[in-house]
Undergrad: 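Encoded as C-alpha cells, here's the structure I'll be asking about.
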Amino acid sequence: MCGITGYIGDHKTTDVLIDGLRRLEYRGYDSCGVAVVDAKNELYLRRVSGRVDALDELVAQDPAKGANVGVGHTRWATHGAPSEDNAHPHTDCSGRVVVVHNGIIENYLDLKEKLLASGHKFKSETDTEVIAHLMEEKLKALHVQEKAMRADMLEPVFFEAFRKTVGDLKGSFALSMVWASCPAMVLTARMHSPLVVGLGKGENFIASDVSAFLKYTKRVIFLNDGEMAAVKKDGIDFYTFQGKKVSKEAVTIQWDSTMAEKGGYKHFMLKEIHEQSEAVENTLRGRLLPLGGDVLKAETGLAAAAMKGFSNIQFIACGTAYHAGLVGRGLFENFGLRASADIASEFTDRAKLMAKDTLVIAISQSGETADTLFAVREARSAGAKVLAITNTVGSTLTREADYVLQTHCGPEIGVASTKAFLGQLAAIYLVAGHFAAARGVLSATDARRYAEDLLKMPRLIEETLELEKDIAKVAEAFSHSEHFLFISRHINFPIALEGALKIKEISYVHAEGYAAGEMKHGPIAIIYKGMPLLAVAPSGRALELMAGNIEEAKARGADVVAIVDAVSRKTVKASRYITLPQAGELFTPMLTVIPLQIFAYYVALAKKCDIDKPRNLAKSVTVR
Ligand code: F6R
C-alpha cells in the first residue's frame, strides 16, 4: 500500500509534499517522511514513526532552505516494523540518492545479498532500500565525475542509471527518486502499483493518487505498467522501461479538493455516511431508463445484446466490495440468472474455470486492490469478459477490464468504506435491472416498477439518515460490549457480514456476521446473557424465519436490536428497534446497512478509537 508524493517547482516543497501525504494517509499511516534537495544541493531528510502531523511539526522546527524538488512517503509496513529507520525515503551509502516506494520488491533479498557483498551498508529492514543502493551501483558503473560535471550534464546519466535500476527490479512498485547532484529532475516509474503525475504551470507533481495534488492541478496523466517519467519544472517526458519515448494524453479530473475535506463533520466516515443518498443518486443518474435498453452501452461498452449472451455472472471483490457482490448474487439469482460471488484472494482455481459465457463483475472502490486485479487477469486469460465497478477514474482496474461502470461517489477518505458500498450497490442494481430486462426476465410492467423502486432509494436513504440520533443512543448503550453478533437472511445476509466488518474495523471488538439460519448449526453456542445481537429483519420473504431465529437467540440470552420497518416490526420481538422507511424487498440492503454503519461509528466514538484511520489498516490494499 503506502502513498508516495513528488514535487518540482517554486512552491514551498516540503509544504506541497506534506499536504499531499496528508491526503494520501488513507493508504497507510504508520510512519512517513520527506526528502528535498536544499539550496546548497544537500539532502534534507526528515522521517517519523507515526502520523503526518508529527512529520509536519518536525519539519516546522527546522525547515529546509531553498528547496524546490523532493519526494514524500506515508507507509503501511510490509517488510520491517513501523519505525523511523524503516520509514521512507531511503538513501544510498552516499546519502545523495533518495527513493520512495509503494509496492513490494520481490527479488530484494537476492539484490541485497549482492549489494552487501559489494560493501553497501543497509540502515533499514525494508525491501525499498535496495533500490537506492542499486542506483548507487549503476551510477558508479557509468563512471560519473559528479563533482566535475554541471548538474544539467548529469541528467542523461541520472536517467540511464535509473532506467537500469528499474530494469533489475521484480515485483510491484511505484517509485520516485531524487539525486541531490541533479536537482532539476525527479524520476518516477510504475509496475503494478498506481502512479499519476499532475501537470502544473512551472511546476509538476507525482503521487499515488490524484487527491494528493488536486489543490494545485486537475490535469493529470496516469502511468501504465512498464512506464517511467522524467519530471522537470517545465515539462514531463514519458518512456518505456526500455528507454523508448512515449506520448501520453492528459485527462482532467472532475473532483475538486474540497470534496476531500471534512466539511464540518468530526470524521470523514460520518461525512461519507451522510453523502450516501447523493452517491446513489449520482451513480444512477441518466443510466437507468429505459431499463433493458442500450443506455449503458456508450459509457461502459456493454450492449443489451451482449447481456443476452452471458449465462453466468461471477462477482469478485474483497472486504466491503465483496459484500456488495454477495448482494449482487442474490439479486441476479432472484431474477433466475446464474450468479456466484467470490473473495478475490480465494479465486485462483475457480478463475481457471471461467468461460466465454461468463461475465465477471469485479468491484473495487480504489480499482487498485491487488487481489482483485490478480483475479481479473486470471479470469480474462481463461476467456471471461470483465465488467469493472469502481469509484476511481483511471485506476488500473479500469484499464484492464472489458467494460467499466464508474460509481460517482466522490473521494472516499475514511478507511472504513461506507458511501462507496452504497455506490457499488446502486451500480449493481442498475446492471442487474438492465440484464433482467434485456433478457426478458422482467416484464415491461415489472421493469417499470423496479426502476421506480430504485429511483426512490436516495430519498429513503435520506430518511434513514435522520435516525442517526436514535441509533447513536442504542450504540452508546452497548459501547462497553466486547462481542457483537449480526444476523440476517437472504438478500440482507451480506448486510449482517458488513455490519460485523464495520464494527471490527473501527472499534476493534469481536463481531460475527452470520446467516440467521446457520446459527443453530454451531454459532448459537457463543450467545451469553446480555450479548448484543443486531438482527436485520425488514419485510420480505425471509421475515417469518428471521423472527423465529431471533426468538431462538433471545431464549439463550441475546439482547436483540432489530433493524425493521413499520410492517416487520409487528412480527419481530426485540428489546430495541431501529425502524427504517418502507422499501421494496429487493432494495432493503441499501437501507439496512446504514444503521449498522452508524452503530459502528458511535461505538467506536464512545471507545475513543481513531475512526478514520483504524489501527493496522490501509484503504488501498495493493499487496497480495
Ligand atoms: C472495509 C473496506 C475494505 C475494502 C476492501 C476492498 O471497510 O474498506 O474491506 O472494501 O479492501 O477495497 P476496494 O474496494 O478498494 O477494492
Side-chain angles (χ1 to χ4, degrees), residues 1 3 24 26-29 76 193-194 208-209 211 267-270 272-273 276 279 283 315-328 341-347 360-376 386 388-398 400-401 404-407 409-428 486 494-495 497-508 511 513 593-594 596-601 604 609-624:
M1 284 88 89
L24 292 183
Y26 73 87
R27 300 180 64 84
Y29 35 79
W76 188 84
S193 291
S208 301
D209 164 351
S211 57
H267 295 97
F268 279 112
M269 183 180 176
L270 191 60
E272 287 159 4
I273 286 173
Q276 297 191 103
T283 300
F315 289 95
I316 45 173
C318 303
T320 289
Y322 165 66
H323 298 154
L326 284 174
V327 174
D342 279 85
I343 296 170
S345 57
E346 291 296 331
F347 189 61
V360 168
I361 304 186
I363 312 168
S364 173
Q365 190 285 128
S366 61
E368 299 294 349
T369 299
D371 288 321
T372 306
L373 292 173
F374 186 79
V376 161
V386 174
I389 294 181
T390 178
N391 195 37
T392 311
V393 179
S395 57
T396 307
L397 183 60
T398 62
E400 299 206 2
V404 179
L405 182 59
Q406 206 75 47
T407 55
C409 304
E412 188 179 69
I413 311 292
V415 164
S417 188
T418 53
K419 66 173 177 176
F421 179 67
L422 264 285
Q424 288 159 357
L425 290 184
I428 290 168
F486 294 76
I495 301 304
L497 299 181
E498 178 60 7
L501 176 61
K502 281 291 88 90
I503 200 163
K504 275 187 269 207
E505 278 182 290
I506 60 171
S507 296
Y508 321 138
V593 71
I594 295 172
L596 303 190
Q597 296 166 338
I598 297 175
F599 183 85
Y601 175 83
C609 294
D610 192 346
I611 293 179
D612 283 333
K613 298 192 190 85
R615 73 183 182 201
N616 303 340
L617 296 181
K619 185 145 189 77
S620 200
V621 187
T622 54
V623 290
R624 289 181 65 212

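Read the numbers this way: they start at 1 and go in the same order the structure lists the ligands and their atoms.
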Undergrad: Identify the protein heavy atom lying closest to atom 12 (O) of ligand 1, giving its residue, its atom name and the separation to 0.1 Å.
TA: Thr369 OG1, 3.5 Å
Undergrad: Starting from atom 6 (C) of ligand 1, find the nearest protein heavy-atom neighbour and note its residue, name and distance.
TA: Cys318 O, 3.4 Å
Undergrad: Taking 4.0 angstrom as the limit and counting only heavy atoms of Ser366, give me the atoms of ligand 1 inside it, by number and element.
TA: 13 (P), 15 (O), 16 (O)
Undergrad: Identify the protein heavy atom lying closest to atom 11 (O) of ligand 1, giving its residue, its atom name and the separation to 0.1 Å.
TA: Val621 CG2, 4.0 Å
Undergrad: Only heavy atoms of Ala321, strictly under 4.0 Å: list the atoms of ligand 1 that pass.
TA: 10 (O), 14 (O)
Undergrad: Heavy-atom contacts with Ala416 under 4.0 Å: which atoms of ligand 1 show up? List them by number with element.
TA: 7 (O)
Undergrad: Verify, without hydrogens or angle tests, whether Asp371 (side chain) and Ala344 (backbone) share a donor-acceptor contact under 3.5 angstrom.
TA: no
Undergrad: Could you establish whether Glu368 and ligand 1 come within less than 4.0 Å of each other, counting only heavy atoms on the residue side?
TA: no
Undergrad: Answer yes or no for Val415: is there a heavy-atom contact with ligand 1 below 4.0 Å?
TA: yes
Undergrad: Which heavy-atom pair separates Ile506 from Pro614 by the least distance, and what is that distance?
TA: CG2-CG, 4.0 Å
Undergrad: Look at atom 14 (O) of ligand 1 and say which protein heavy atom is nearest, naming residue and atom and giving the distance to 0.1 Å.
TA: Gln365 N, 2.6 Å
Undergrad: When only distance counts, is Ser417 in polar contact with ligand 1, meaning an N/O pair under 3.5 Å?
TA: yes
Undergrad: Quick one: look up the protein heavy atom nearest atom 3 (C) of ligand 1 and list residue, atom name and how far away it is.
TA: Thr320 N, 4.0 Å
Undergrad: Applying salt bridge (Lys or Arg N to Asp or Glu O under 4.0 Å), which residue pairs with at least one partner in residues 410-424 are found, sequence neighbours left out?
TA: Glu275-Lys419, Glu412-Lys619
Undergrad: Mark up the atoms of ligand 1 that fall under 4.0 Å of a heavy atom belonging to Gly319, in ascending order.
TA: 9 (O)
Undergrad: Heavy-atom contacts with Glu505 under 4.0 Å: which atoms of ligand 1 show up? List them by number with element.
TA: 1 (C), 2 (C), 7 (O)
Undergrad: Could you list the residues that satisfy side chain to side chain contact (heavy atoms under 4.5 Å, CB included) with Ala324, not counting sequence neighbours?
TA: Ile363, Phe421, Gln424, Leu425, Ile428
Undergrad: Near Lys502, which atoms of ligand 1 are under 4.0 Å from a heavy atom of that residue?
TA: 1 (C), 7 (O)
Undergrad: For a quick check under 3.5 Å, do Thr396 and Glu368 share a side-chain donor-acceptor pair by atom type?
TA: yes
Undergrad: Under 3.5 Å, N or O to N or O, is Thr372 touching ligand 1 that way?
TA: no
